[in-house]
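Just so you know, these numbers use all the heavy atoms, side chains as well, and skip hydrogens, waters and symmetry mates. Worth saying up front: this structure is predicted, and the values here are computed from it rather than measured. Every chain is numbered from 1 and lettered A, B, ... according to where its sequence line falls, protein lines coming before strand lines.
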Number of protein chains: 2
Amino acid sequence: MNDKAMETLWVDRFPGLSRLEPRTKQLLVQRSSIITMPTASVIFGPGKSPENMLFLLEGTVRVQQVSETGHEIVLYRINAGESCVLTTACLLAYDDYSAEGVAESEVQAAAVPRIVFDDLVAQSPSFRNFVFAAFSKRITDLFLVIDEVAFQRMDVRLAHKLIELSGSDDTIATTHQKLSVELGTAREVISRQLQEFQRRGWIEQSRGAVRIVERSKLENLADRD
Amino acid sequence: MNDKAMETLWVDRFPGLSRLEPRTKQLLVQRSSIITMPTASVIFGPGKSPENMLFLLEGTVRVQQVSETGHEIVLYRINAGESCVLTTACLLAYDDYSAEGVAESEVQAAAVPRIVFDDLVAQSPSFRNFVFAAFSKRITDLFLVIDEVAFQRMDVRLAHKLIELSGSDDTIATTHQKLSVELGTAREVISRQLQEFQRRGWIEQSRGAVRIVERSKLENLADRD
DNA sequence: GTCCATTGTGTGACTTTGTCACTGTGTGCC
DNA sequence: GGCACACAGTGACAAAGTCACACAATGGAC
């Protein structure tokens with residue numbers, strides 16, 4: 001079957017899953033379903049637990065925290081080839097937490113029911129490895145976020161974020177507001193910092209966009225401890 | 001045997017483990033060893049991965065992050081009756097992270113080798129439950145820390161911490177320096193905030209100690225979002 | 001006891017960051 | 001054109017972090 005062949009492929013797109021036992025792969029593929037979600041849809045959030053564990057095939061999911069004070073901050077992203085173990089596990093026990101996952105683009109994912117997930121953890125040593133490695137990655141990321149929020153200067157953090165968001169391109173399509181959520185700060189702070197960067201000739205600004213002019217200068221600032 | 005009886009007991013001290021299958025309990029008890037560590041000993045840290053997974057029987061472990069900038073912040077505590085799954089899992093994959101665990105008192109713990117841990121996860125559904133619940137708790141705690149560091153005012157956070165550290169007693173044996181590490185801020189900031197609390201008659205200060213005079217006022221401030 | 005190092009705390013000047021209350025200014029829609 | 005609406009700029013001020021100190025309490029060493 002063609003469908004079958006297509007489905008088998010998704011497991012191999014995951015670096016951590018490609019080395020699973022054939023039997024485990026088969027189980028994953030057979031008992032999962034491919035789903036698609038439009039841009040900006042809320043994958044999970046307060047009062048909206050995901051029934052399944054997701055393996056992202058295409059697109060990215062932004063996980064952010066909405067504080068009681070009304071402030072927001074981006075915690076991490078789930079990219080294609082990654083899974084949302086952390087979120088799943090969290091929701092198993094505590095659903096009163098305030099993080100939410102939003103699709104940043106159209107998202108394609110393999111949905112694995114909890115029971116299957118549990119089965120896999122029990123059966124497959126390499127799946128256990130995958131799960132715990134994914135946990136580790138997320139948690140060390142969270143440690144990093146705490147460190148940055150608590151101790152890093154805004155200019156350093158903003159430079160870092162601009163580099164991160166730019167990728168290979170030099171123009172970033174974003175607003176000051178969105179950048180402020182990325183860093184958990186106020187819009188005005190971003191506006192001022194970007195102005196300073198612009199004054200130094202490192203960037204150029206236009207409505208809804210930032211263009212990096214002197215990438216090396218930004219990288220230099222971002223690399224400061 | 002008396003030893004046997006003693007050992008069997010420790011599993012039942014864990015709310016999450018007491019409902020394990022008898023067979024699983026037995027495995028846990030048989031394949032673990034009770035260890036003791038003195039106050040202020042570093043249980044794990046950069047370049048010092050724990051070989052075993054620990055179940056705390058007595059005492060508390062403080063997990064804190066040491067930033068490249070030299071700053072420190074307390075991330076969470078592991079109390080008697082809790083395990084350090086998170087830390088263990090982290091260290092499985094990434095050992096270049098900067099968190100460390102320090103015994104805050106003499107610590108007694110049951111050490112479970114990794115292989116046994118893996119076995120248990122495979123064999124026992126209720127042990128899996130326990131592990132993922134422990135993960136959830138830690139991670140939601142970390143989300144809370146991020147929220148506080150990013151968005152809460154210092155006075156609110158300090159009031160909260162004073163209440164937390166005081167327990168049932170009214171006198172807290174700590175220094176401004178230690179409090180600043182708790183909240184990931186500077187010693188001077190703590191000194192000034194405590195002075196303000198003292199000026200309002202909410203606390204009294206002496207060298208190495210803070211005495212709560214008007215607990216309700218502190219609680220009131222701490223409960224503010 | 002005195003001397004002395006260590007640790008804990010107080011303080012002022014200054015910078016950075018966050019908050020508040022605004023004013024403009026593009027953009028698309030009716 | 002008029003009108004929302006999202007986006008960006010600004011000044012005044014408050015809160016928090018940084019730096020460079022001074023000074024006090026404590027606990028040995030002698």
Audit row: B:S166, B:R215, side-chain hydrogen bond (donor to acceptor under 3.5 Å, both in side chains) steps and yes/no:
CA-CA 10 Å; B:S166 67; B:R215 181 176 289 264; 3.2 Å; yes

What does A:E188 touch in the nucleic acid at a heavy-atom separation under 4.0 angstrom: a base, only the sugar-phosphate, or nothing?
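Counting heavy atoms under 4.0 Å across all strands, the contact made by A:E188 includes a base.
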
Give one of base, sugar-phosphate or nothing for B:E196, where a contact means two heavy atoms less than 4.0 Å apart.
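No contact.
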
Output yes when [X] and [Y] qualify as a salt bridge under the 4.0 Å nitrogen-oxygen rule, no when they do not.
| X | Y | result |
| --- | --- | --- |
| B:E148 | B:K161 | no |
| A:E182 | A:R62 | no |
| B:E196 | B:R192 | no |
| A:R13 | A:E58 | yes |

Ignoring backbone atoms, test whether B:H176 places a side-chain nitrogen or oxygen under 4.0 Å from the OP1 or OP2 oxygen of C:dT7.
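Checking C:dT7 against B:H176, no side-chain N or O comes under 4.0 Å of OP1 or OP2.
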
N/O (side chain, A:H71) to phosphate O (OP1/OP2, C:dT19) under 4.0 Å
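Indeed, a polar side-chain atom of A:H71 lies that close.
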
Within this structure, what is the [atom1]-to-[atom2] distance between [X] and [N], rounded to whole angstrom?
| X | N | atom1 | atom2 | result |
| --- | --- | --- | --- | --- |
| A:I190 | C:dT16 | CD1 | P | 16 Å |
| B:R187 | C:dG10 | CZ | P | 8 Å |
| B:Q205 | C:dT9 | CD | P | 8 Å |
| B:F197 | C:dT9 | CZ | P | 16 Å |
| A:L158 | C:dT16 | CG | P | 15 Å |
| A:R157 | C:dG18 | CZ | P | 8 Å |
| A:Q152 | C:dG18 | CD | P | 13 Å |
| A:I73 | C:dG18 | CD1 | P | 10 Å |

Pairwise 5' ranking along DNA chain D for B:R153 and B:A186, keeping only the more 5' one:
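Going by which nucleotide is closer to the 5' end, it is B:R153.
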
Check every nucleotide of DNA chain D for an atom under 4.0 Å from a heavy-atom of chain B, then give the first and the last such nucleotide from 5' to 3'.
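Footprint of chain B along DNA chain D, 5' to 3': D:dA15 to D:dT26.
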
Of all the choices, C:dG18, C:dT9, C:dG12, which nucleotide is nearest to the side chain of B:R192 once you look at every atom?
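Nucleotide nearest to B:R192's side chain: C:dG12.
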
Please check this pair: side chain of B:E82 against backbone of B:N79, looking for a donor-acceptor N/O pair closer than 3.5 Å.
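It does hold such a pair.
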
List, one per line, each side-chain donor-acceptor pair under 3.5 Å for residues 36-43 of chain A, sequence neighbours excluded.
unit_1: A:T39; atom_1: OG1; unit_2: A:E106; atom_2: N; d: 3.2
unit_1: A:S41; atom_1: OG; unit_2: A:P38; atom_2: O; d: 2.7

